[in-house]
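The structure under discussion appears below in the form of structure tokens.
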Amino acid sequence: MPRYTPSKIESRWQAAWEKDDIFKAVRSADKPKYYVLEMFPYPSGRIHMGHVRNYTMGDVVARHKIATGHNVLHPMGWDAFGMPAENAAMATGGHPRDWTYGNIADMRAQMKPLGLSIDWSREFATCDPEYYGQQQALFLDFLEAGLVYRKNAVVNWDPVDMTVLANEQVENGRGWRSGALVERRELTQWFFKISDHSEELLEALDTLDNWPAKVKLMQSNWIGRSRGLQFAFSTLDAPEGFDRIEVYTTRPDTLLGASFVGISPDHPLARALEREDPEVAAFVAECRKGGTTEEAIETAEKLGRDTGIRVRHPFDTAQELPVYIANFILMDYGTGAIFGCPAHDQRDFDFATKYGLPIPPVFLPDEDHADRLDEAYVPPKTEKVFYIRGFAGDTHQTGEKAIDAAIAFCEENGVGQGVTKYRLRDWGLSRQRYWGCPIPVVHCDACGVVPEKKENLPIELPYDVTLDVPGNPLDRHPTWRDTECPACGAAARRETDTMDTFVDSSWYYARFTAPHAETPTRLEDAEYWMNVDQYIGGIEHAILHLLYARFFARAMHITGHLPASAVEPFDALFTQGMVTHEIYQTTDERGRPVYHLPEEVTDGKLADGTEVQIIPSAKMSKSKKNVVDPLGIIDRFGADTARWFVLSDSPPERDVEWTASGAEAAYKHLSRVWNISDRIAGMEENAQGTGDEDLMRAMHKTIHDVTVGVESFGFNAAIAKLYAFTATLQKSQAGQDSQREAIMTLAQLMAPMTPHLAEDIWAMQGGEGLIATAPWPVADEAMLVDDTVTMPIQINGKRRAEIKVRADMPKDEVEALALGHEAVIRTLDGAAPKKVIVVPGRIVNVVA
RNA sequence: GCGGGCGUGAUGGAAUGGUAGACAUACCAGACUUAAAAUCUGUUGGGCGUAUGCCCGUGUGGGUUCGACUCCCACCGCCCGCACCA
């Protein structure tokens, strides 16, 4: 008896698709275009189940769109620059370029057996000189357009290795290799002026109707628009040039609750004091210890130091406030100086308590409330409170109103201005690393910083470098830096910093539309293919990658590389969850955890009988030994089983737990479908049966439900319907015609998920051409409507009975029928119902 | 610390504010078999009960509603991000 043999059919159908080149994307006026893109992978060397899930989802969308008559672009590439290549080179002595291209070859070979509908002719890696040369051209155009500039910025500095560290290389405030306490140090760096676009990037979020609301909210909070008051305190006893300290506050209504002024350790005044006073210098040095992340700064112990300088309160010049240097004030936000109002800010409250500063409340919940506080009183701004130290607006008012009134008052009295500020900072793109896109500028003693000439691009990375010592190999290279000034021709030095890898991933979607063009994009291709109709990737990219890409699309439009219609490059976004797996853990004699591979565990026990602790749903990681290799699964069950399983068990936006039994069940199911097809193929031509009508009704309902599921990312729900229909078909006694139609339709509905199996069934049933290009089945509306519906009857919200009624029965008839039901009569016991709610087609609720 | 999300049977999960637990796993039972595997069929949230049936149940506590897994408030736990990981 023939059986389902994925290893044979998968390679056969992949060859058939390749022979006809059906996934090659060519511009065409006859069909609507559809561009589906999954976030491209970093070439780590092995694909993992997360990749399988991500690319299978994109593939379902792509194949469904092909079947519904679209001209589909579905490309693949490699996000190939970055630190892991350098780390691997340091660890094993190889070269980042060899390591990366080797990994790309391996991963491509691992991906191909999945049978994805990818146009491989468009493949590129961001470390190809062809790609990063065009990126350098973009940089030069951005520079000319005033979208790039240089300024100082703070980096993590390892004082032992004498090198800049990435945030992930800082562990508990220490360098990962040297173990030295990390310091914050300033370097001159290149920046993209993303902050000029803050307002637009914020406003345009409203137009992104097919983005998850949570992503838009996260971006909105990240951009962080705030309305506040900017004003200056005049100082007493301050050094020359510091007779005013500018502060920005979003709570000007609490100005009379001010008890100190705080400045950032990087504030110009702190710098000035640092130069004069060794004790201040020591304190500021202490503040600069630790990493640069906001998390590290916010969770560090709050430190402050009284500078001895005093400021006058703008409303009461007799009142003097101390000026503190405080480690939690960021120079990058606002003016780098604040006034502290301890009564209404918990951080200020803790600070004031620590340094014995007064805590005068500005407002209280109501008149009766005592005016001593045990913690900061921070009600929502929309709540009405009682102002005891208000100076503008009503005594009883909301925080919102009080803020507006305070700004108006201050503006009228010349104390300050209402201003709008953003939390979003400019994007620092300089990296002191080898494996990235070189920044194409030259430093000339006479001309200063000079852009490289476009005809000299790409500025290629030299191959002959060593990564055996910390620091940037480009800096150490004997000749690479040496060049001549593009302006005056004198001897000059290349910039040795390379670009942040976020730059690489900020425009690859545009490059895919013309991957080998001799300019960054080709406008007619960009105009045809952009925007990405469906973008799919992880939620971890919700803010940075997606915000940078949105900015880049705008910058590319300004410099003529993208049409105005592509400034929001992703029409729809879907964020998928991870693939998780149980962790099997025991402990050693010292109580430390020991992890075990899934194949070492049977029925919760090791081979020697030791009980294993099972930790469910954990992110797959090598160190926890809970990684499942897709290749092993494909070998055992085939790609269709892997694809089916990653879609079937969880909603796509949630994590899915990989289980061996689930994978086996998926395989069994696919076998079952194949066997049904085999059986039907052997039926006698025109054989008659019974229940044809029922089978056809079930089929049309399934077409409808699966179509809705596939189009709305309800893949798991669509698969549940396919299971149900398979069971119906298996039991069906219908005639050969109906059964053949049913199995072919089932194959078509499964084709986006299990394309190889679907092709095989299609061929077995004598289908015309390839199922991959066959038109998507359409449900017959008439077959979807049932004549009768079952309606539950609730009594006081609890389901007590049900009635079968005609689908179009009027409300009052339904009500009469419900009230006549035995269960209702028994409960009402002669009394009249207080209320009867009839929701047509859904439910009846009798309130007794 | 700040911003965002999630929480439903033994397990993964389903459910436009309208029958909680679809579909799948696991378990149990049955058919087929000398037997096993494979395959097929059936049962399964907890409790009471011979039973028509009744009570409880969607992280915890409150609220809105004829009706809440779904909306609101507070709390607990887990996950993602925090600008040099990709």
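Order of the sequence lines sets the chain letters (A, B, ...), proteins ahead of strands, with each chain counted from 1.
Considering only side-chain N and O atoms, A:Arg347 lies nowhere under 4.0 angstrom from the phosphate OP1 or OP2 of B:C2. Distances shorter than 4.0 Å separate none of the side-chain N or O atoms of A:Arg425 from OP1 or OP2 on B:A83. OP1 and OP2 of B:C82 both lie 4.0 Å or more from every side-chain N or O belonging to A:Thr293. In this model, the phosphate group of B:G53 is not approached by any side-chain N or O of A:Arg800 to a distance below 4.0 Å at OP1 or OP2. An OP1 or OP2 oxygen of B:G12 is reached within less than 4.0 angstrom by no side-chain nitrogen or oxygen of A:Asn716.
Candidate nucleotides B:G1, B:U19, B:C84 were compared by shortest atom distance to the side chain of A:Arg799, and B:U19 ranks first. Nearest nucleotide to the side chain of A:Arg423, out of B:A83, B:U19, B:C80: B:A83. Relative to the side chain of A:Lys668, the nucleotides B:C80, B:U39, B:U19 differ in distance, and B:U39 lies closest. When distances run from any side-chain atom of A:Asn167 to the nucleotides B:A22, B:U25, B:A83, the shortest one goes to B:A83.
Taken together, the paired segments of RNA chain B that extend over three or more consecutive Watson-Crick or G-U pairs, each closer than 3.5 Å at both contacts, are B:1-7 with B:76-82, B:10-12 with B:23-25, B:28-31 with B:39-42, B:45-48 with B:53-56, B:59-63 with B:71-75.
Its glycosidic angle being more than 90° from 0, B:G12 falls on the anti side.
For A:Trp427, the side-chain hydrogen bond (donor to acceptor under 3.5 Å, both in side chains) partners are A:Asp500, not counting sequence neighbours. Judged as a salt bridge (Lys or Arg N to Asp or Glu O under 4.0 Å), and not counting sequence neighbours, A:Glu171 has no contacts. When the salt bridge (Lys or Arg N to Asp or Glu O under 4.0 Å) test is applied to A:Arg550, the partners found at least two apart in sequence or on another chain are A:Glu568. Applying the side-chain hydrogen bond (donor to acceptor under 3.5 Å, both in side chains) rule to A:Arg636 yields no partners; only residues at least two apart in sequence or on another chain are considered. Annotation: side-chain hydrogen bond (donor to acceptor under 3.5 Å, both in side chains) contacts of A:Lys354 (sequence neighbours excluded): A:Glu301. A:Lys421 pairs by the salt bridge (Lys or Arg N to Asp or Glu O under 4.0 Å) definition with nothing, not counting sequence neighbours. Checked against side-chain contact (heavy atoms from CB on, under 4.5 Å), A:Tyr723 has the following partners two or more places apart in sequence or in another chain: A:Trp644, A:His669, A:Ile719. Looking at residues two or more places apart in sequence or on another chain, you find a side-chain contact (heavy atoms from CB on, under 4.5 Å) between A:Thr501 and A:Phe81, A:Asp504.
A donor and an acceptor atom sit less than 3.5 Å apart, one in the side chain of A:Glu295 and one in the base of B:C82. Judged by atom type and distance alone, A:Gln189 reaches the base of B:C84 through a side-chain donor-acceptor pair under 3.5 Å. Between the side chain of A:Gln730 and the base of B:C40, no donor-acceptor pair of N or O atoms lies under 3.5 Å.
Distance noted for atom C1' between B:G59 and B:C69: 12 Å (whole Å). Comparing the C1' positions of B:G21 and B:G7 gives an interatomic distance of 16 Å, to the nearest angstrom. Here, B:A29 and B:U16 have their C1' atoms 40 Å apart, quoted to the whole Å. For the C1' atoms, the distance from B:U70 to B:C6 is 14 Å, rounded to whole Å. For the C1' atoms, the distance from B:U8 to B:G77 is 16 Å, rounded to whole Å.
Backbone-only engagement by A:Gly82 is indicated by non-hydrogen atom pairs under 4.0 Å involving sugar-phosphate atoms exclusively. Using a 4.0 Å heavy-atom criterion, one finds that A:Pro651 contacts the sugar-phosphate atoms exclusively.
By the 4.5 Å heavy-atom criterion applied to side chains, A:Thr754 and A:Val673 are not counted as neighbours. Looking only at side-chain heavy atoms (C-beta outward), A:Val154 and A:Met331 stay at 4.5 Å or farther from each other. Put simply, the side chain of A:Lys701 reaches to within 4.5 Å of the side chain of A:Leu784, judged on heavy atoms.
Using cut-offs of 30° and 60° on the angle between ring planes, the pair A:Phe713 and A:Phe574 is parallel.
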What nitrogen or oxygen pairs link the protein and nucleotides 46-49 of chain B at under 3.5 Å?
none

Would you list the protein and nucleotides 66-72 of chain B atom pairs, both N or O, that sit under 3.5 Å from each other?
residue: B:C66; atom: O2'; partner: A:Asn845; partner atom: ND2; Å: 3.4
residue: B:C66; atom: O2; partner: A:Asn845; partner atom: ND2; Å: 2.6

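Along RNA chain B, the nucleotide closest to A:Leu217 and the one closest to A:Ile543 are compared, and the more 5′ of them pairs with A:Leu217. Positionally, the nearest nucleotide of RNA chain B for A:Glu294 lies more toward the 5' end than for the other of A:Glu294 and A:Asp79.
Listed by first and then second residue, the side chain to side chain donor-acceptor pair (under 3.5 Å) pairs involving residues 835-847 of chain A amount to none (not counting sequence neighbours).
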